[in-house]
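Here's the structure, in structure tokens; my notes come after.
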Amino acid sequence: MRIELEVVSVQKAGHAPSENEDAWASERSSTLEGDTLRVAVADGATESLFSGQWARLLAREYVAGKMGEPPALLESLPGLQRRWRSDTETRELPWYAQEKLREGAFATLLGVRCAQSPRPGQGVGTWTALVVGDSCLFQVREGRLVCAFPLEQAAAFGSRPFLVSTHEGHNSRVGDFVRRASGDLRPGDLLLLMTDALAQWFLAEHERGGTPWLALPAWGSEAPHERFQPFVDGLRASKVIRNDDVTLARLTVGA
Amino acid sequence: MAYSAEISRTQPACILILVDQSGSMDEPFGGPGGTRKKAEGVADVTNRLLQNLVVRCAREDGIRDYFHLGVLGYGEHVAPAFSGPLAGRGLVPISEIGHGPARLEERMREREDGFGGLVREKVRFPIWFEPKAHGPTPMCQVLGHATELVGGWMRQHPESFPPIVVNISDGQPTDGDPTSAASALRSVRGEDGAVLLLNVHLSSIPAQPIQFPDAEVLLPDAHARLLFDLSSPLTPGMRDAAREEGHAVRDGARAFTFNADIVSLIKFLNIGTRPANLR
């Protein structure tokens, strides 16, 4: 199985790149060949402290193969929470940051694992996705959107998603909010992983009868920012997308 | 749609708190059996509101200026009411407020542990505003002052979320009927709508708290009914925030509380994803 991988992430307008609270991880970049491939995106909540760091920990843990199933995710959290706390709580912080740190950090997690079919028939492989929160996976096949997960309508995006927290007390119901989906992969399929603002635009465009996957710029071996940033700027200028951090991972399935 | 402007550092929102500092604030909160003075209740509400807003704007790199915030006192004088390094200042970027409390008190606090229990913890509670109770209640005058202040701000930030003015009082103005002054304040508008006037009534009547009523007939006295009449209707965002806090809010509800806190109402100001599992 061969998959071309392109990933790009841009921060909110008016913010510095270092303030981007989205994260992504994959085992490798560009062309992937092999039996399995894992990619994850995670979106740190703006209203929490060190949430970008929490998002990076979650994405990397998924890609390391330790959180593929909901029970494994729940088992991984205490260790990740300890790492986040050891990174943050030893710092000298002013009163407001100490207060904010007590609330913990929050992030979405969307992980996708592609696996080669043991008996290649019509499909070359399968995908399995796991998500908490409102980062989305879309599958496009032969010019049609065949899967939108976990949200299927633009109107379904709210401003209060349930997220994975660094605080055990806030995670007591995380098991109820983990969703899982799977499907097959055929040559030419596109898998698109997006954080919420871009995903909401994508679904709204599709609901209007558009083909938003064709509107997304391709960058191949070029610097992704140079192609993607003007595209996002254009969406923001025409006010069809919320001003949020935006991350897109595009997987193009080869033969 | 009104009240939908993005709140960001380049397009901040404005919050102005008007605090009754008149002699009547020396009376006990909730009637003669009350153990705390109204002036102390007001100081607590004000300091908690400021703290809540600063913490919401806190990030690892410091405090982001999503808000410009001021406190006007009205009693013997109508004037900015910060203590400490911000004394005399009008509308101040929230980062300066976070860095400039007059002092930090150590307090014990109970917090929900997320599993249905409570944990007690020591916290540093910042104080910007001290209790004060002296002189008359020039509410008309302070509303006029507020109109000038937020009017000037709105002209500089025409696309911003409209200013929110929070008036905390026992509702007994001494300089006439504030109806027209409040109306003038609520008519200051920008591209995203008109100024929102919220009233917090701290009463001497030992009555149950009432939050976001939709009819004045429920209110216990003329002072409460007056402040209800001055209050803006809740915006859809405020209604959602109040309902998320567990209040049964009907259409037509006003941004008014009687003997109750208003911090929950400020949560509707959307400055980015607020997780559902963070209360």
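A, B, ... follow the sequence lines: proteins, then strands. Residue 1 opens every chain.
B/R9 CZ: more than 12 foreign heavy atoms inside a 6.0 Å radius. Taking a 6.0 Å sphere around CE of B/M1, one finds it holds 12 or fewer heavy atoms contributed by other residues, nucleotides or ligands. The number of heavy atoms from other shown groups lying within 6.0 Å of CZ (A/R85) is above 12. Residue B/R155 places its CZ atom among 12 or fewer non-hydrogen atoms of other residues, nucleotides or ligands, all under 6.0 Å distant. Atom CD of A/E226 has 12 or fewer heavy atoms from other residues, nucleotides or ligands within 6.0 Å. The neighbour count for A/R82 CZ, taken as heavy atoms of other residues, nucleotides or ligands under 6.0 Å away, does not exceed 12. Counted within 6.0 Å of CZ on B/R250, heavy atoms from surrounding residues, nucleotides or ligands total 12 or fewer; the atom is thus considered open.
The closest donor-acceptor contact from the side chain of B/R56 to the backbone of A/S48 lies at 3.5 Å or more, if one exists at all. In this structure, the side chain of A/W95 engages the main chain of B/G98 through a donor-acceptor pair within 3.5 Å.
Counting heavy-atom pairs closer than 4.5 Å to chain B, the top-ranked of the candidates A/P161, A/G133, A/G104 is A/P161. In terms of non-hydrogen atom pairs under 4.5 Å with chain B, the most contact-rich of A/D244, A/V174, A/T46, A/L101 is A/T46. Between chain A and the residues B/L104, B/I63, B/T10, the largest count of heavy-atom pairs under 4.5 Å involves B/I63.
Chain B is approached within less than 4.5 Å, heavy atom to heavy atom, by A/L49, A/F50, A/S51 from residues 49-58 of chain A, ordered by number. Of residues 64-71 of chain B, those residues lying under 4.5 Å from chain A by any heavy-atom pair are B/R64, B/Y66.
Here NZ of A/K12 is found 10.5 Å from OG of B/S8. Values are rounded to the nearest 0.5 Å.
Residue B/E60 touches chain A through both its backbone and its side chain, counting heavy-atom pairs closer than 4.5 Å. For a residue to count as touching a neighbouring chain, one of its non-hydrogen atoms must lie under 4.5 Å from one of that chain's; by this rule B/D61 touches chain A with the side chain only. For a residue to count as touching a neighbouring chain, one of its non-hydrogen atoms must lie under 4.5 Å from one of that chain's; by this rule B/E121 touches chain A with the side chain only.
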**Study point:** Verdict with reasoning, B/Q51 to A/Y96, per side chain to side chain contact (heavy atoms under 4.5 Å, CB included)
**Key:** CA-CA 8 Å; B/Q51 180 196 28; A/Y96 51 83; over 6 Å; no
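Of the charged side-chain nitrogens involved, none lies within less than 4.0 Å of a carboxylate oxygen, so that A/E47 and B/R59 do not count as a salt-bridged pair.
Contact of the A/R102 side chain with the B/V123 side chain is registered, since non-hydrogen atoms from C-beta on lie closer than 4.5 Å. The side-chain heavy atoms of B/V54 and A/E99, taken from C-beta on, include no pair separated by under 4.5 Å.
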